[in-house]
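Remember, predicted model here, so these are calculated numbers, not experimental data.
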Amino acid sequence: MTTPRPIVRSSRVLAVVLATGTLLTTAACSDADDSTSAGSETGAAAVAQTESPTSTDTSSPGPVLSETGARNALITAADLEGDWTQVDKPQQWRDSLLVGQVDVAAFLNGKSDAADCQQLIDSLYDETLLGTPSGASALNGFEQGDSRLLYQVAAYQQADLDKSMKSLQSLPDTCDQFTVTGGDNGDRTVQVVEMELPEEGDARQGMTVTVKGDSGGESVTLTLDVAVVRIGADAITVTNGGLGGAGHDATKAAVQQGTQRLKDVLAGGTPTPTPSGIE
């Protein structure tokens, strides 16, 4: 009977396999370190625009808009058609806005019998058209002749934003015509007509609001475009117009340019400056 010989070859093969695996693991760790180092600069730029969500709510998985991102997402005068100039402290317009001899702030101060219509009047030239932002918010204001354009970028709670959007979409029907009373300007008649906006964002609503009455013994008509575009839990709002009517082209330009700027910010980038003299 022949005695079996030791299985040496299998042991040698196993040793080679283990050694090779160790080398591959070491190389993979080295590559991962290099990749992390190379991407650090890009990651830092994205953090400046957005913040990582801290909530476990899976219904809002997107990036959280930061204050820096909100400011970078604001449009500039170059984004608008016409000879618009940026102004200081537009957040004070609701309290004091004098256009020519007309005190627009006082002209809009009044009461309506319907709560939804009252909310609309109270939020014109204000920062609460969609309610109070829950996160970052930034504002710009522009003027051209007797027209004023207020532009806002803000973050909201998703459920609150959806509710506000739904309410705005009903206003051309529920508040198509109503009366504002009180203040120093007597009765003012308000009309709300739906306005078509460019197909931007996840949802949108546009309307033209006309307020007719007397101011200082003179007949006054204030016409304003109101536009809102939602992107996730963030939104842009535009109020544009004045005593000579509302420039729809400027409103639509603000919507188009502003939506793209906010998208760029949410993607972790910085919007490129708009060339002067854009058409």
Contacts of type side-chain contact (heavy atoms from CB on, under 4.5 Å), residue D187, not counting sequence neighbours:
T179, T181
Would you please say whether a donor-acceptor pair under 3.5 Å links the side chains of T76 and Q86?
no
Residue pair T270 / D264, side-chain heavy-atom distance below 4.5 Å
no
Whether the side chain of R230 engages the backbone of G232 through a donor-acceptor N/O pair (distance < 3.5 Å, no angle test) should be reported.
yes
Assigning hydrophobic clusters by single linkage (Ile, Leu, Val, Met, Phe, Trp, Tyr; side-chain heavy-atom cutoff under 4.5 Å), is L150 placed with I121?
yes
Excluding sequence neighbours, so at least two apart, what forms side-chain contact (heavy atoms from CB on, under 4.5 Å) with A159?
none
Which residue pairs pass the salt bridge (charged side-chain N to carboxylate O under 4.0 Å, His left out) test when at least one of the two sits in residues 83-93, sequence neighbours left out?
none
Pair up each side-chain donor or acceptor in residues 211-229 with any protein partner under 3.5 Å, not counting sequence neighbours, and list the distances.
unit_1	atom_1	unit_2	atom_2	d
D225	OD1	T208	OG1	2.9
D225	OD1	H248	ND1	3.2
D225	OD2	H248	ND1	2.8
D225	OD2	T251	OG1	2.9

Applying a strict under-4.5 Å side-chain criterion to I, L, V, M, F, W and Y, I'd like to know whether L129 and L161 cluster together.
yes
Value for OH (Y151) from CG (D79), rounded to nearest 0.5 Å, stands at 8.0 Å
Only distances under 3.5 Å count here; give the side-chain donor-acceptor pairs of residues 100-116 to other protein atoms, sequence neighbours excluded, each with its distance to 0.1 Å.
unit_1	atom_1	unit_2	atom_2	d
D103	OD1	A105	N	3.3
D103	OD1	A106	N	3.1
S112	OG	A114	N	3.3

Gap between atom CD1 of I231 and atom OG1 of T259 - 0.5 Å precision
5.0 Å
Go through S123 and D126 one step at a time and tell me if the side-chain hydrogen bond (donor to acceptor under 3.5 Å, both in side chains) criterion holds.
CA-CA 5 Å; S123 61; D126 194 10; over 6 Å; no
Is any side-chain heavy atom of Q152 less than 4.5 Å from a side-chain heavy atom of S137?
yes
Side chain proximity check, N240 to W84, heavy atoms < 4.5 angstrom:
yes
Can you find a pair of side-chain heavy atoms, one from T239 and one from V209, that are under 4.5 Å apart?
no
Check whether any side-chain N or O of R261 sits under 3.5 Å from a backbone N or O of N72 as a donor-acceptor pair, and report yes or no.
yes
Could you tell me which residues satisfy side-chain contact (heavy atoms from CB on, under 4.5 Å) with D95, sequence neighbours excluded, listed by chain and number?
none
Just so I know, are the side chains of M207 and L168 near enough to count as touching, which here means a heavy-atom distance under 4.5 Å?
yes
Quick one: list whatever passes side-chain contact (heavy atoms from CB on, under 4.5 Å) with D122, sequence neighbours left out.
R94, Q118
Would you kindly confirm whether V255 and L149 end up in one hydrophobic cluster when ILVMFWY residues are joined by side chain heavy atoms under 4.5 Å apart?
yes
Treat each ILVMFWY residue as a node, draw an edge where side-chain heavy atoms are under 4.5 Å apart, and state whether V87 and L139 are in one component.
yes
Taking Q157's backbone N and O only, do any of them form a donor-acceptor pair with S134's side chain (distance below 3.5 Å, no angle check)?
yes
Under a 4.5 Å cut-off applied to non-hydrogen side-chain atoms, are M195 and K252 in contact?
yes
Could you list all the side-chain hydrogen bond (donor to acceptor under 3.5 Å, both in side chains) pairs where at least one residue sits in residues 159-173, not counting sequence neighbours?
Q158-D162
Measure the CG-CG distance between N140 and L74 for me, rounded to the nearest 0.5 Å.
4.5 Å
Does a side-chain N-to-carboxylate-O contact under 4.0 Å join R204 and E199?
yes
Would you list the pairs meeting disulfide (SG to SG under 2.5 Å) in which at least one residue belongs to residues 210-257, sequence neighbours left out?
none
Return each pair, listed once, that meets disulfide (SG to SG under 2.5 Å) where at least one residue sits in residues 177-212; pairs must be two or more places apart or across chains.
none
Quick check for you: to the nearest 0.5 Å, what is the distance between Q119 atom CD and L130 atom CG?
9.5 Å
Do Q205 and P172 have side-chain heavy atoms sitting under 4.5 Å apart?
yes
List in chain and number order the residues that pass ring pair (Phe, Tyr, Trp, His ring centres under 6.0 Å) with W93, two or more places apart in sequence or in another chain; answer none if no residue qualifies.
Y125
Please list all pairs meeting disulfide (SG to SG under 2.5 Å) that have one or both residues in residues 81-160, counting only residues at least two apart or in different chains.
C117-C175
